[in-house]
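Quick one: the structure is below, questions incoming.
The chains referred to below are lettered A, B, ... by the order of the sequence lines, with proteins before strands, and numbering in each begins at 1.
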Amino acid sequence: MDDLYRELIIDRYKNPQFRGELDPHNFTFEDDNPYCGDHIRVDVRVDDNDVVIEAAYSGEGCSISQASADLLIEFIHGKTLDEVKALTKDDLLELLGIDLGPVRLKCALLSLKVLKAGAYGLGKDEVSDDLVE
Amino acid sequence: MDDLYRELIIDRYKNPQFRGELDPHNFTFEDDNPYCGDHIRVDVRVDDNDVVIEAAYSGEGCSISQASADLLIEFIHGKTLDEVKALTKDDLLELLGIDLGPVRLKCALLSLKVLKAGAYGLGKDEVSDDLVE
Amino acid sequence: MAITDYSIAAFDIQKIWADFPILSREVHPGVPLIYLDSTATSQKPLQVIAAMDEFYRRSNANIHRGIHALAEESTAAYESARERIAAFIGAATPREVIFTRNTTESINLVTQSWGRANLNPGDVVILTEMEHHSNLVPWQMLAQERSLRLEFIPVTGDGLLDLDEYARLLTLDPKMVAFTHMSNVLGTINPATEIIRMAHEIGALTLVDGAQSVPHLPVDVQALDADFVAFSAHKMLGPSGIGILYGRKALLEAMPPFLGGGDMIKRVELRSFQSNALPYKFEAGTPAIAEAIGFGSAVDYLADLGMEAVEQHERQIITYALERLEEIPGVKVFGPAAEHRGGVASFTLPEAHAHDISQILDADGIAVRAGHHCAMPLHTKFGIPATARASFYIYNTLEEVDRLVDGIYKVKQLFA
Amino acid sequence: MAITDYSIAAFDIQKIWADFPILSREVHPGVPLIYLDSTATSQKPLQVIAAMDEFYRRSNANIHRGIHALAEESTAAYESARERIAAFIGAATPREVIFTRNTTESINLVTQSWGRANLNPGDVVILTEMEHHSNLVPWQMLAQERSLRLEFIPVTGDGLLDLDEYARLLTLDPKMVAFTHMSNVLGTINPATEIIRMAHEIGALTLVDGAQSVPHLPVDVQALDADFVAFSAHKMLGPSGIGILYGRKALLEAMPPFLGGGDMIKRVELRSFQSNALPYKFEAGTPAIAEAIGFGSAVDYLADLGMEAVEQHERQIITYALERLEEIPGVKVFGPAAEHRGGVASFTLPEAHAHDISQILDADGIAVRAGHHCAMPLHTKFGIPATARASFYIYNTLEEVDRLVDGIYKVKQLFA
Ligand SMILES: Cc1ncc(COP(=O)(O)O)c(C=O)c1O
Ligand SMILES: Cc1ncc(COP(=O)(O)O)c(C=O)c1O
């Protein structure tokens, strides 16, 4: 196991910086990972140019899912909605900076999936792993 | 391959000694081996003490099925019906005197199955491999 | 890990370790493997690996129809494996032993062949709340297709089946009671003989999910009086890709075929076919030949150890493991006391998610599973999304339990 | 046998022989193996045997749910095999590639999942008279359950499909055309692209039984434009116990699940479940993990040789074999001229039954198959109960053909 895991992930898990809910928001979305019960909700506020000015996440689950969400929300501040929609799995993994096996990958990608589904304005049934592949 | 195979089996196949049909007979039965199309019919005549006094077989198929039938029919002359019913796989294999793999075994046992089904007076649907196991 | 623990007398652990090459492996540089995930799948001894290797190097041929030497050797080896497996579970005849892919397929064979032929709208099937998805979903699929009513024997707070409620459910006149002999989450060993006796008294048939019991306990299908028993080779030292459905001959004979194709037929015309005799009627197409042979080798290995000794060994480990786990502050172990369970301990920690527990333990080479273990309804019932599960088999030692406990303390420290 | 024949330039036969340990075996004392039964099952190269061996010795764990190192290695190896197989057949995505037990199960998956969901009484399904039982019986079972009408493309005297009659059958508005790409008896390579194009023109779907084509010819599922393709690992250098169903993503997504259980679900409650995404929806229970890995190794081996080279090699052998067989008095070879067939020659002799031919040849170490080769209706059509079948693969040589011919002369002499 990577030391980064201990430092970055566990630190962010224990001391989240973007945990919370936003009201009002321009969009919100939530979903869970049925394999492990991880749950993530994101709330995003954008300005007139569709630039993210404030965002937050809430939910529960393992350290990877929660810390990924925290890092992702930090990252999208100042990004346009189009930039958010264009985010990929690799972008998120770069943020995390650690190697993940296939199962933990699903934990890590949950927040990105939820965020992109919200950004695209998808319905609950339209969410699929294709969003993050 | 056993030399006996060449000598005994092929000889009996080429020069059968009990090939034919009997009319009248006390019982007759026929069946085939669906795996290879071998077909055997046996006709048996017994005396008042249920001793086999004459018997014959007919049919077509591989050398093992036909030669086994020929040897079996030879063997049951003078046997009682009860003795015929009591015949086993091992009795037949002793007659043949060679080792057989599982597929050829089915060829060899066809005549015994037909004979015993006839001796027991079974219907066509009642024949099963249990007769020769 | 080095084996310095010889306190377990049921058999010679050092000899066993020598048979399992993977146990000497380092999972990370300098970090040896401590494999505590045998409930998901067991490791394989050299004897099993070699049997399959040897088959491919020397005898490999397709079976049943061939006359040449290789085909005969292969057929004989395949059928000999069936005979040894039949003897291992005490089947009356090898014809009652059907090769499938796994426990899951075995159960689907019953729901789709026996179930479709025998169950009608409104018929009741009894399951339990502790079933693996493999003994739930096939019945749900059939229930939807046939409008069946599914009822569930509840699980008590300490992880046992509520047999009073079972007795009450039996008054619904169920046609089938399908239950796991041993829970893969709680470790609970259910009183199978009694459950079956009660079912038979009111005329219901029984299906035993033996995926966890056949590998870990002495199981005699005739002593149990079970109608169907399903299990998988990969959980009992054997290869992946093969499992067994045991069924009573008379039941199997009356059932329609499951899959159609080569080998399961006696005769085929363009628009009709006649089924083959047992067991071939249920083995369509080229079977898992090498895997059957490996499976035969696996039951030889277990029979040599003796299933009583296997059970005793695991009872010792789980007794110790429960003791040690319960002394860790905050650890909650699900399931009954050691005398009612096999070698499975599923637990949670208040400070860390099961995934995190598993990942941190992995850094020390300790392989445990984390998740719902294919038993979501049971986890829902206990109000938890996931547990971490340590499970034990013939090659595990008390010392490995100590390492697990050390690892859990590390997790607690990291997440404190 | 000693290899003195280097006349075949498609690839280095000596190198190939070194990869197949079984080919150096003596079947009887002093009698080396001449394996001419690859249509039943192929032999396996060391690379495939070693991949599985290595998996069990180093990485074995259950897949998909595990976080520990072994589970991750196993999952990665299993999914990498799927990707390489998908690439080998030109699938658009690995999600279209479903692991099954064999060709037979793949076809049953289509009849039982797609068929039950899409076919109604009176619907027409077109098959051919040269189908293997595996592509007949599943349709017969469904036809009986759903009152379907089965129609058959006739086989001409020289073993080709009668495409004029096919065109006429298409006016019956069939929903499905299911046919073998290559006959395992006649060796006929059917014009799959044309058959599929004609089916699609009238809106029918197609299922290609690729059990013999995928091992022996370059097959690109997208170039074929096939809707479903079924094949088995064991016929293409891979292990027993694993096969593939390829299906178009949109079709597979719309289909209901086939078997229920672990891994094929997303979410389970006591009385309901939600199916998983492709390909997992159709892979219930612990799959054949080691076998998938072995299969991946097998397609690597074939891809390295190049399927054009494989086809060319077999074309050379079958051309020579037909020439040599036809010069033997009384030998009747069924099927078309060499340019329409793969490496399969089924034949009869007037003096000896196919079983006797096979048994006498076996004494010289020559493994050929005898029987109806799971194609009874085709044999019925030709009015023969059984044929002897010699079949060829990458490791066979022209010299082995000569030995076969010598053996047949011996049979003739014995039965003269
Ligand atoms: C054309 C054809 N289809 C289907 C099959 C069945 O393959 P399996 O037994 O691997 O399911 C075979 C194998 O003999 C075959 O040759
Ligand atoms: C109790 C129980 N039933 C069924 C299964 C399913 O076994 P398989 O995946 O081999 O079909 C398992 C395996 O996890 C199990 O533990």
Would A/Arg41 and A/Asp43 satisfy salt bridge (charged side-chain N to carboxylate O under 4.0 Å, His left out), going step by step from the backbone distance to the final call?
-> CA-CA 7 Å; A/Arg41 165 179 161 170; A/Asp43 297 347; 2.8 Å; yes

Can you tell if the side chain of C/Leu186 reaches within under 4.5 Å of the side chain of C/Arg341, non-hydrogen atoms only?
-> no

C/Glu326 atom CD: more than 12 heavy-atom contacts under 6.0 Å | yes

Using the six-membered ring wherever Trp is involved, compare the ring planes of C/Phe415 and A/Tyr13 and label them parallel, tilted or perpendicular (cut-offs 30° and 60°).
->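 Plane angle over 60°, so perpendicular.
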
Would you say the side chains of C/Tyr395 and C/Ser42 form a donor-acceptor pair under 3.5 Å?
-> no

With a 4.5 Å heavy-atom cut-off (strictly below), which parts of residues 100-132 of chain A touch chain C? List them by number.
->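 A/Val103, A/Arg104, A/Cys107 fall under the 4.5 Å cut-off.
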
More than 12 heavy atoms of other residues, nucleotides or ligands under 6.0 Å from NZ of C/Lys410: is that the case?
->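 Open.
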
Does a sphere of radius 6.0 Å around CD in A/Glu133 hold more than 12 heavy atoms from other residues, nucleotides or ligands, not counting ones at 6.0 Å or beyond?
-> yes

Would you say the side-chain atoms of C/Glu129 pair up with the backbone N or O of C/Val155, donor to acceptor, closer than 3.5 Å?
-> yes

Distance-only donor-acceptor check, side chains C/Thr103 and C/Ser232, under 3.5 Å = yes

Residues of residues 370-379 of chain C within contact distance of chain A, non-hydrogen under 4.5 Å =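 Result: C/Gly371, C/His372, C/Met376.
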
In chain order, what residues pass the salt bridge (Lys or Arg N to Asp or Glu O under 4.0 Å) check against C/Arg369, with sequence neighbours excluded?
->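 C/Arg369 satisfies salt bridge (Lys or Arg N to Asp or Glu O under 4.0 Å) with C/Asp37 only.
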
Per-residue contact mode, A/Asp38 against chain C (heavy atom under 4.5 angstrom) | side chain

Centres of the C/Tyr35 and C/Tyr393 rings: under 6.0 Å?
-> no

Between atom OG1 of A/Thr28 and atom CD of A/Glu21, what is the distance when rounded to the nearest 0.5 Å?
-> 7.5 Å

Side chain proximity check, C/Leu414 to C/Asp356, heavy atoms < 4.5 angstrom = no

Quick one: which residues of residues 51-71 of chain A reach chain C at under 4.5 angstrom, heavy atoms only?
-> A/Gly61, A/Cys62, A/Ser63, A/Ile64

